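Note that the coordinates shown come from a computational prediction; the quantities given were computed from them, not determined experimentally. Note: hydrogens, waters and symmetry copies are ignored here, and every other heavy atom, side chains too, is used. Reminder, nothing fancy here: chain letters follow the sequence lines and each chain counts from 1.
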There are 2 protein chains.
Amino acid sequence: MKTEEEIKIPNATAKRIPLYYRYLKTLQESGVERIKSKEFSQLIQVPSATIRRDFSHFGELGRSGYGYDVSYLIEVFSNILNTKVEKRIALVGAGNLGKALLNNNFRRNENLNIVCAFDANPEMIGQKINGVTVRPMSDMKELVRKEGITTAISTVPSSHSQEVVDQIVDSGITAILNFAPGRVKVPEQVKIQYIDLTTELQTLIYMDENFTSRKHFNFSNQD
Amino acid sequence: MKTEEEIKIPNATAKRIPLYYRYLKTLQESGVERIKSKEFSQLIQVPSATIRRDFSHFGELGRSGYGYDVSYLIEVFSNILNTKVEKRIALVGAGNLGKALLNNNFRRNENLNIVCAFDANPEMIGQKINGVTVRPMSDMKELVRKEGITTAISTVPSSHSQEVVDQIVDSGITAILNFAPGRVKVPEQVKIQYIDLTTELQTLIYMDENFTSRKHFNFSNQD
DNA sequence: CTCAAGATGTGAATATTTTAACAAGAGGTG
DNA sequence: CACCTCTTGTTAAAATATTCACATCTTGAG
């Protein structure tokens with residue numbers, strides 16, 4: 001088995017790891033102890049060749065004529081995703097969407113925790129949502145440091161997105177999930193990922209209108 | 001200019017169209033009448049060569065030494081996305097996230113409208129959120145037909161995702177945006193797109209932890 | 001009208017991702 | 001133990017996507 005350090009994981013593979021991990025946990029909960037790439041393929045709707053190729057980047061995880069050990073795979077992917085370390089997350093923007101996220105709070109992933117929330121609107125300050133108190137923006141920098149927060153989720157509207165992201169970056173956070181679609185500027189070392197519901201919806205509708213009776217959008221169902 | 005029918009639009013391009021469209025509208029609102037691929041590149045953080053290549057699939061939209069006419073581009077992309085036809089959308093699942101979506105209701109896109117909402121929980125039925133009344137699941141099939149609904153958004157938890165999607169499909173809808181991450185089975189002609197917040201977050205954190213000081217995750221900033 | 005500056009659209013090169021196909025190896029049965 | 005079946009890991013091929021680099025065209029200034 002290759003050591004993890006020398007491997008270059010393709011982007012496309014990296015994006016599928018959380019999906020793999022989630023399904024493996026579900027399988028384990030249902031008492032499934034081993035899985036073949038073909039079965040897994042049917043479950044997650046990713047071609048079996050892609051699954052085997054993806055897995056192979058992390059070593060020889062399976063055994064010919066047998067398949068993969070679910071608990072071993074979980075062990076491997078858990079290390080890759082570093083799930084044994086709690087990720088403490090800050091939520092910025094406690095409007096409708098922010099509240100929904102707080103109420104949900106990645107409950108099924110015990111290592112992902114929104115531990116504090118900020119909002120610029122004075123009326124919001126002090127509200128307690130699912131155990132988390134909404135605080136003023138001015139508290140962010142200090143709390144991020146004190147609470148060991150590594151990641152932020154911003155649900156602030158596009159109009160204030162850049163200025164809020166600047167504050168987030170200034171607080172020392174290096175990973176941001178942004179629900180405002182407008183592209184913002186961040187220093188090179190900061191990773192930012194956009195979740196753009198309108199774009200997703202428009203793409204979906206476009207695909208539906210133009211490629212009906214074609215292949216599945218994300219991944220083909222075959223195999 | 002080639003006729004639209006004979007062109008095969010690459011998937012990667014198709015996914016960027018809504019982004020292009022959104023930014024072009026913003027530019028137009030700010031009174032910008034023309035744009036060069038290099039300027040646009042800086043704005044949306046997609047390399048200029050990619051932009052030009054993408055645009056070229058829809059004909060020769062620009063002029064050498066001049067750039068692109070913003071209003072003409074909007075016209076073209078508006079046709080591609082068919083934004084002149086209202087897309088009537090059903091929301092299924094009126095919990096926290098569903099309510100947030102209803103309250104927002106794609107306000108900035110006048111052609112995307114959530115026009116009705118359904119929930120299985122009797123306590124929800126009858127509630128009015130941002131002008132939309134929550135109805136029982138049993139009303140869906142009839143309303144979808146009567147209201148000319150083409151698309152559904154499901155915020156129903158994974159545990160009931162498949163059964164709800166079955167009902168959505170049965171009502172005649174062919175495009176589904178699903179916030180439950182569990183992959184569901186749908187007939188071939190139905191397009192389904194997943195929005196999986198946990199996966200996005202885990203991927204982001206993974207990238208942040210493993211590729212710090214590397215390139216931007218989605219698109220490089222350069223150019 | 002002429003010319004310099006500058007931007008497009010696109011062939012060609014490169015990079016990335018997916019898919020097919022199969023040799024090699026493991027498992028389980030008799 | 002021998003053998004048949006099955007599945008992996010991977011090599012090679014194909015498909016898709018990005019990027020470079022420039023011939024060609026347009027603009028706008030003089």
* Can the positive tip of R183(A) be found less than 6.0 Å from the middle of the six-membered ring of Y194(A), inside 45° of the ring normal? -> yes

Write down the distance between [atom1] ([X]) and [atom2] ([N]), rounded to a whole number of angstrom.
X      : N       : atom1 : atom2 : value
Q42(A) : dT7(D)  : CD    : P     : 12 Å
K38(A) : dC6(D)  : NZ    : P     : 10 Å
N11(A) : dT16(C) : CG    : P     : 9 Å
I51(B) : dA7(C)  : CD1   : P     : 14 Å
I35(A) : dC6(D)  : CD1   : C1'   : 15 Å
K36(B) : dG6(C)  : NZ    : C1'   : 8 Å
H57(B) : dT16(D) : NE2   : P     : 12 Å
D69(A) : dT7(D)  : CG    : P     : 15 Å

Would you please confirm or rule out a distance under 4.0 Å between OP1 or OP2 of [N] and any side-chain N or O of [X]?
X      : N       : answer
S37(A) : dT8(D)  : yes
R53(B) : dT18(D) : no
T50(A) : dT18(C) : no
Y66(B) : dG9(C)  : no
R16(B) : dT18(D) : yes

Side chain of [X] (C-beta onward), nearest among [options]:
X      : options                   : result
R34(A) : dG28(C), dT18(C), dT10(D) : dG28(C)
P47(A) : dT17(C), dT10(D), dT19(C) : dT19(C)
S64(B) : dC20(D), dG9(C), dT8(C)   : dT8(C)
R52(B) : dT19(C), dC20(D), dT8(C)  : dT8(C)
E60(A) : dT17(C), dA26(C), dG9(D)  : dG9(D)

* Which atoms form the tightest heavy-atom contact between K185(A) and D166(A), and what is the distance? -> O-OD1, 4.1 Å

* Do the ring planes of Y23(B) and F40(B) sit parallel (below 30°), tilted (30 to 60°) or perpendicular (above 60°)? -> perpendicular

* To do: If the plane angle is over 60° it's perpendicular, under 30° parallel, otherwise tilted; pick one for F77(A) and F58(A).
  => perpendicular

* To do: On DNA chain C, check which nucleotide each of D54(A) and G65(B) is closest to and give me the residue with the more 5' one.
  => G65(B)

* **Backbone of T26(A) reached by a side-chain donor or acceptor of S30(A) within 3.5 Å** => yes

* To do: Identify whether any heavy atom of Y68(B) sits under 4.0 Å from a base atom; if not, whether one sits that close to sugar-phosphate; answer base, sugar-phosphate or nothing.
  => sugar-phosphate

